[in-house]
Novice: 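This is the structure I have questions about; it appears just below.
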Amino acid sequence: MTELLKISLPDGSVREMEAGSTPYDVAAAIGPGLAKAALAARVNGEVRDIGRPFEGDSELALITSKDEADALELVRHDFAHILAEAVQALWPGTQITFGPATDDGFYYDVMAPATREPFGLEDLPAIEEKMREIIKADKPLRREVWSRNDLIAKWETEGEAFKAEWAKELPEGEDLTVYWSGDDWLDMCRGPHLASTGKLDPQAFKLMRTAGAYWRGDQRNAQLTRIYGTAWLNKKQLKQHLHNLEEAGKRDHRKLGREMDLFHLQEEAHGSVFWHPKGYRIWRELEAYMRRKMDGAGYREIKTPQVMDARQWEQSGHWGKYRENMFVIPDEVPNTEDEGDIISKDADWMALKPMNCPAHVLVFKQGITSYRDLPIRLGEMGCCHRNEPHGALHGLMRVRQFTQDDAHIFCTEDQVVEEVQAFITLADEVYRDFGFEYKIKLALRPEQRFGSDADWDKAEQELRDALTANGLEWEELPGEGAFYAPKLEWHLTDAIGRTWQVGTIQSDRVLPDRLDATYIGEDGEKHRPVMLHRAIFGSYERFIGILIEHFAGRLPVWLAPMQAVVAPIVSDVDGYANRVLTKLEAAGIRASSDLRNEKINYKIREHSLAKVPHLLIVGKREEEEGTVAIRTLGEKDQKVLSLDEAIAMLTKAATAPDLVT
RNA sequence: GCUGCUGUAGCUCAGUGGUAGAGCGCACCCUUGGUAAGGGUGAGGCCGAGAGUUCAAUUCUCUCCAGCAGCACCA
């Protein structure tokens, strides 16, 4: 007598299926169209192979290409396997390691056989070709359960040292799953996979590049070749993705920074920025904006030394491991003779500050602070230097000299939650002013940390309480916190969907202790303040980089280095153009006039490429009528306005968002 | 820091074992033209730095520096 399994479907219906039947059988029972479209199945919440039998009564949801997130993940994982199979087919002796799906595709880490060079860009077309053959062959992907020892034996026989090492680390006696591709290739894998390679669209993937990657992500291990591909459900999606990549390339702040003459970098000061007048204008506008916000929120601005004695950094705890990221300076007069060493090697050490916190504690410690004075909010546009690994440097995004919109709030235990809440509100106002969406993440205690578990419990809960009180949602990141404090992180999403971590607030009980910061409480005794580290832009450099990419260089008018250019059509109206310019400048608009002997088409093209938001074009007609023809960047039509109307319009457009009434 | 690739005019790039070329930009001249490139002439380069091979190196080799992609790192 066969027992029937009850399979519940998402619409609430229940089908009875024979024992041993699979999700595919259910799909086939519903209809041949669905059977063909079904890629995999969600069984009791877990994504599984379409051909894997049910193990009892189950809830089933069939996954088709309409369930895009699940389908993409499956497809990408399959592509990764096919990549590994293709590489081994082409170059026997290649060792495979592992290859997961990524946000836009997949990769696989492989080790080329000793007989050849590591794989490179020139190998990719052949690999792609082989992958298409495997897809075309429509090889079934079959799940099989092996004993751990059998699998280890297989890997060792085949010289797959990495796979064998990995299998050995899995628990003794555990059964492992492998997936066959046809009858001639298999990989150790948890799955799930599609039913066969032919389910993939051979035109929906592209191998993108190769790169070095360490075995298990550890730089002491062997370096493998990672082959990256992008993969989608169909050709159209692939094309769209390649187009987006091209878009991102056009927005690259390094390229736009040069084209718009904002800043430059050069090897004599690699990792530090040479700001040009136009770029620094953006900086100054941002700084003025942030000063207004911080002044309004009860912060007081300070300025602290760039160089401090090493003993100070010893006390703060940075002189240990963190020293490798610091620039150190001998405290002595260098030898100016032609002979001998420039420095003596036995002078005391000083260091450029990599952060502002210790200096802010020193300011806090001046005099005696009463609980009545708390909270004390000390802000600084703090210029810091960090000796970053050279490979980490990247345009404005990762630099060796940067300026933070930093502040430290010293408060009592009771004030932490309300101070964090106030900061959450302030950060929200700022990000909204720039039109950014964001997500908040809470980075929790790391393995290596200072402070008691009780303090960590408290600190983490305070941050959660503040978020809850502000009605916000967040994601928790276990183990990602700083060694002294949990952090809230603000991750912005830009115009093309990339995310950037910028703002942060961290509640720290470690540094006040190490640097012995105290205040006098109501009881007349000394108490430790809690120190909140916080920033909203993160750094001016990075934030400007993000703004350039987010707006593709077309900055909001209030930030645009040049807000308007007056361009006369014929030189007879140069005088009028200059009168217009004088009025604009008097109204506080950043403007210039372009009196060059060039055609109006040429001037329009040039200033449009330079992303000037408004062009004021004047000819004989405008001079006679006392008007200007305004052409706004990104709009096709021009508007003819009287000079006064134009100035009112531009003044309004150029008002910073926090000053709009 | 690791792996790979790259380094030629201000920018984007071509090229060669016998000390170099284009387009854009720049300067000057002609042109005064109504909404994204008018025409002409000209200036501009120790071919990233150092060493080696060679009669001869920008070109080949090595080392270093920087940049790019990825990895690792980002308290």
Novice: Quick check on RNA chain B: between A:Gln266 and A:Phe483, whose nearest nucleotide comes earlier from the 5' end?
Specialist: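 Per heavy-atom nearest nucleotide, the more 5' residue is A:Gln266.
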Novice: Taking the six-membered ring for Trp and the single ring otherwise, decide whether the centroids of A:His264 and A:Phe274 are under 6.0 Å apart.
Specialist: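 So the answer is yes for these two rings.
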Novice: Which whole number of Å gives the distance between the C1' atom of B:rU61 and that of B:rU54?
Specialist: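 To the nearest whole Å, 12 Å.
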Novice: Counting only non-hydrogen atoms, which of residues 628-635 of chain A are less than 4.0 Å from RNA chain B?
Specialist: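 Heavy-atom cutoff 4.0 Å gives A:Ala629, A:Arg631.
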Novice: Verify whether the ring centers belonging to A:Phe162 and A:Trp215 lie closer than 6.0 Å.
Specialist: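 Yes, close enough.
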Novice: Can you tell me the distance, in whole Å, between the CG atom of A:Asp637 and the P atom of B:rA36?
Specialist: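 Going from A:Asp637 (CG) to B:rA36 (P), I get 12 Å.
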Novice: Between A:Arg226 and A:Tyr107, is NZ or CZ placed under 6.0 angstrom from the six-membered ring centre and within 45° of the ring axis?
Specialist: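 The answer is yes; both the distance and angle limits are met.
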Novice: With rounding to the closest Å, how many angstrom separate the P atoms on B:rG21 and B:rA36?
Specialist: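 B:rG21 and B:rA36 have their P atoms separated by 37 Å.
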Novice: Using whole Å, what does the distance between atom C1' of nucleotide B:rG4 and atom CG of A:Leu124 come to?
Specialist: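 One finds 12 Å between C1' of B:rG4 and CG of A:Leu124, rounded.
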Novice: Find every protein N or O atom lying less than 3.5 Å from an N or O atom of nucleotides 22-28 of chain B, and list the pairs.
Specialist:
{"from": "B:rG25", "atom 1": "OP1", "to": "A:Tyr602", "atom 2": "OH", "distance (Å)": "3.3"}

Novice: Are the aromatic rings of A:His270 and A:His390 close, with centres under 6.0 Å apart?
Specialist: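 Ring-ring flag for A:His270/A:His390: true, centres closer than 6.0 Å.
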Novice: Taking only the P atom of each, what is the distance from B:rA49 to B:rU59 in whole angstrom?
Specialist: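 Looking at atom P only, B:rA49 and B:rU59 are 10 Å apart.
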Novice: In whole angstroms, how far is the P atom of B:rC74 from the NZ atom of A:Lys321?
Specialist: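 These atoms are roughly 8 Å apart.
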Novice: When the C1' atoms of B:rU58 and B:rA20 are compared, how many Å lie between them, rounded to an integer?
Specialist: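 Pairwise C1' distance, B:rA20 against B:rU58, rounds to 9 Å.
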Novice: How many Å lie between NE2 on A:His614 and C1' on B:rU35, as a whole number?
Specialist: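 My rounded result for the distance is 16 Å.
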Novice: Please give the distance between the P atoms of B:rG15 and B:rC73 as a whole number of Å.
Specialist: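 The same atom, P, in both gives a distance of 39 Å.
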Novice: Can you confirm if the aromatic rings of A:Phe402 and A:His385 lie within a centre distance of less than 6.0 Å?
Specialist: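 No: the rings miss the under 6.0 Å criterion.
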Novice: Please list, in numerical order, the residues of residues 381-399 of chain A that have a heavy atom closer than 4.0 Å to any atom of RNA chain B.
Specialist: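 A:Arg386, A:Pro389, A:His390, A:Gly391, A:Ala392, A:Leu393, A:His394, A:Arg398 - these, ordered by number, are the residues of the stretch whose heavy atoms sit under 4.0 Å from the strand.
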Novice: Mind checking whether A:Arg398 and A:Glu388 have side chains closer than 4.5 Å, heavy atoms only?
Specialist: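 The answer is yes, as the side chains (C-beta and beyond) meet within the 4.5 Å cut-off.
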Novice: Rounded to whole Å, how long is the line connecting atom CE of A:Met208 with atom C1' of B:rC5?
Specialist: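 Going from A:Met208 (CE) to B:rC5 (C1'), I get 16 Å.
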Novice: In whole angstrom, give me the gap between the P atoms of B:rG4 and B:rU63.
Specialist: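 Straight-line distance between the two P atoms is 11 Å.
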Novice: Look at A:Arg254 and B:rG67 and indicate whether a side-chain polar atom (N or O) is within less than 4.0 Å of OP1 or OP2.
Specialist: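 No, because none of the side-chain N or O atoms of A:Arg254 sits under 4.0 Å from OP1 or OP2 of B:rG67.
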Novice: So, taking the atom named NE2 in A:His607 and the one named NE2 in A:His614, what distance separates them when rounded to the nearest 0.5 Å?
Specialist: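 These two atoms lie 14.5 Å from each other.
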Novice: What about A:Tyr438 and A:His491, are their ring centers closer than 6.0 Å?
Specialist: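 A:Tyr438 vs A:His491: aromatic centres not under 6.0 Å.
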Novice: Please report the interatomic distance CZ(A:Arg445) to CG(A:Asp455), rounded to the nearest 0.5 Å.
Specialist: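 Reported to 0.5 Å precision, the distance equals 10.0 Å.
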Novice: Using only atom types and a distance under 3.5 Å, with no angle test, would you say the side chain of A:Gln638 pairs donor to acceptor with the backbone of A:Ile630?
Specialist: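 Side chain of A:Gln638 to backbone of A:Ile630, a donor-acceptor pair under 3.5 Å: no, none is there.
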Novice: Tell me whether A:Tyr431 contacts the main-chain N or O of A:Trp490 through its side chain, where contact means a donor paired with an acceptor under 3.5 Å.
Specialist: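 Checked: no pair found.
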Novice: Could you list all N or O pairs between the protein and nucleotides 7-14 of chain B that sit under 3.5 Å apart?
Specialist:
{"from": "B:rC11", "atom 1": "O3'", "to": "A:Arg258", "atom 2": "NE", "distance (Å)": "3.4"}
{"from": "B:rU12", "atom 1": "OP1", "to": "A:Arg258", "atom 2": "NH2", "distance (Å)": "3.1"}

Novice: Does the side chain of A:Ile505 come within less than 4.5 Å of A:Lys487's, by heavy atoms?
Specialist: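 The answer is no; the side chains never approach within 4.5 Å.
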Novice: Looking only at the side chains, is there a donor atom on one of A:Glu541 and A:Gln404 sitting less than 3.5 Å from an acceptor on the other?
Specialist: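 Not at all, the side chains of A:Glu541 and A:Gln404 share no donor-acceptor pair under 3.5 Å.
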Novice: Which atom pairs link the protein and nucleotides 44-47 of chain B when you take only N or O atoms and keep those under 3.5 Å?
Specialist:
none

Novice: Looking only at the aromatic ring of each residue, does the gap between the centers of A:Phe205 and A:Phe79 stay below 6.0 angstrom?
Specialist: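 Between A:Phe79 and A:Phe205, the centre distance is under 6.0 Å.
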Novice: Find out whether A:Trp474 and A:Arg464 are in side-chain contact, i.e. whether some heavy atom of one side chain is under 4.5 Å from a heavy atom of the other.
Specialist: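 Answer yes - side chains close enough.
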Novice: Provide a list of protein-nucleic acid N or O atom pairs under 3.5 angstrom, restricted to nucleotides 49-51 of chain B.
Specialist:
none

Novice: Can you list every salt bridge (Lys or Arg N to Asp or Glu O under 4.0 Å) pair that touches residues 542-555 of chain A, not counting sequence neighbours?
Specialist: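 Sorted pair list: A:Arg498-A:Glu549.
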Novice: I need the full list of salt bridge (Lys or Arg N to Asp or Glu O under 4.0 Å) pairs touching residues 314-326 of chain A, with sequence neighbours left out, sorted by first then second residue.
Specialist: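 Passing the test, one end in residues 314-326 of chain A: A:Lys321-A:Glu324.
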Novice: Let me have RNA chain B in dot-bracket notation, would you? Count Watson-Crick plus G-U wobble pairs, both distances under 3.5 Å, and use [ ] for pairs crossing earlier ones and | for inter-strand partners.
Specialist: (((((((..((((....[..)))).(((((.......))))).....(((((..]....))))))))))))....
Novice: If you pin A:Asp572 and A:Tyr484 to their nearest nucleotides in RNA chain B, which one's is more 5'?
Specialist: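 Whichever sits nearer the 5' end wins; that is A:Asp572.
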Novice: For the side chain of A:Tyr228, counting heavy atoms from C-beta on, which of B:rG70, B:rG33, B:rG34 is nearest?
Specialist: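 When the side chain of A:Tyr228 is considered, B:rG70 is the closest of B:rG70, B:rG33, B:rG34.
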Novice: Rounding to an integer number of Å, can you tell me how far A:Lys639 NZ sits from B:rU35 C1'?
Specialist: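 Checked: the NZ to C1' distance equals 16 Å.
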Novice: Is the NZ or CZ atom of A:Arg76 both under 6.0 Å from the centre of the six-membered ring of A:Trp232 and within 45° of that ring's axis?
Specialist: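 Because its charged atom sits under 6.0 Å from the ring centre and within 45° of the axis, A:Arg76 does stack over A:Trp232.
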Novice: Considering only atom C1', compute the distance from B:rC68 to B:rU12 and round it to an integer number of Å.
Specialist: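 It works out to 16 Å between them.
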Novice: For the side chain of A:Ser316 and the backbone of A:Pro358, is there at least one donor-acceptor N/O pair under 3.5 Å apart?
Specialist: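 The answer is no, because no donor-acceptor pair under 3.5 Å joins these two groups.
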Novice: Does a side-chain heavy-atom distance below 4.5 Å link A:Val307 with A:Ile329?
Specialist: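 They are in side-chain contact.
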Novice: For A:Tyr280, enumerate each residue passing the ring pair (Phe, Tyr, Trp, His ring centres under 6.0 Å) test, keeping only those at least two apart in sequence or located in another chain.
Specialist: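 A:Trp283.
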Novice: For residues A:Leu262 and A:Pro561, determine if any side-chain heavy atom of one lies less than 4.5 Å from a side-chain heavy atom of the other.
Specialist: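 Counting from C-beta outward, A:Leu262 and A:Pro561 do come under 4.5 Å.
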Novice: Please measure how far the C1' atom in B:rC55 lies from the corresponding atom in B:rA66, and state the result in whole Å.
Specialist: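 One C1' to the other, the span is 34 Å.
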Novice: Provide, to the nearest angstrom, the distance between the NE2 atom belonging to A:His270 and the P atom belonging to B:rC64.
Specialist: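 After rounding, the reported distance stands at 15 Å.
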Novice: Where along residues 352-362 of chain A does a heavy atom fall under 4.0 Å from RNA chain B?
Specialist: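 Only A:Pro354, A:Met355 qualify.
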Novice: Is the shortest heavy-atom distance from the side chain of A:Lys636 to the side chain of A:Thr632 under 4.5 Å?
Specialist: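 They are not in contact (no side-chain heavy atoms under 4.5 Å apart), so the answer is no.
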Novice: Going by heavy atoms in the side chains, are A:Lys620 and A:Val573 under 4.5 Å from each other?
Specialist: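 Side chain of A:Lys620 against side chain of A:Val573, heavy atoms only: contact under 4.5 Å found.
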Novice: Is the shortest distance from a Lys or Arg side-chain nitrogen in A:Glu259 or A:Lys250 to a carboxylate oxygen in the other one below 4.0 Å?
Specialist: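 Looking at A:Lys250 together with A:Glu259, the answer is no, because their closest N to O distance does not fall below 4.0 Å.
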Novice: Expressed as a whole number of angstroms, how long is the span from A:Ile227:CD1 to B:rG70:P?
Specialist: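 That distance rounds to 16 Å.
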Novice: Less than 4.5 Å apart, side chain to side chain, heavy atoms only: is that true for A:Glu475 and A:Leu442?
Specialist: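 They are not in contact (no side-chain heavy atoms under 4.5 Å apart), so the answer is no.
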Novice: Using atom types as modelled and distance alone, determine if a side-chain donor or acceptor of A:Gln563 lies under 3.5 Å from a backbone N or O of A:Leu650.
Specialist: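 No: the side chain of A:Gln563 does not pair with the backbone of A:Leu650.
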Novice: Kindly state which residues belonging to residues 533-543 of chain A come within less than 4.0 angstrom of RNA chain B, counting heavy atoms of the residue only, listed by number.
Specialist: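 Result for residues 533-543 of chain A: none.
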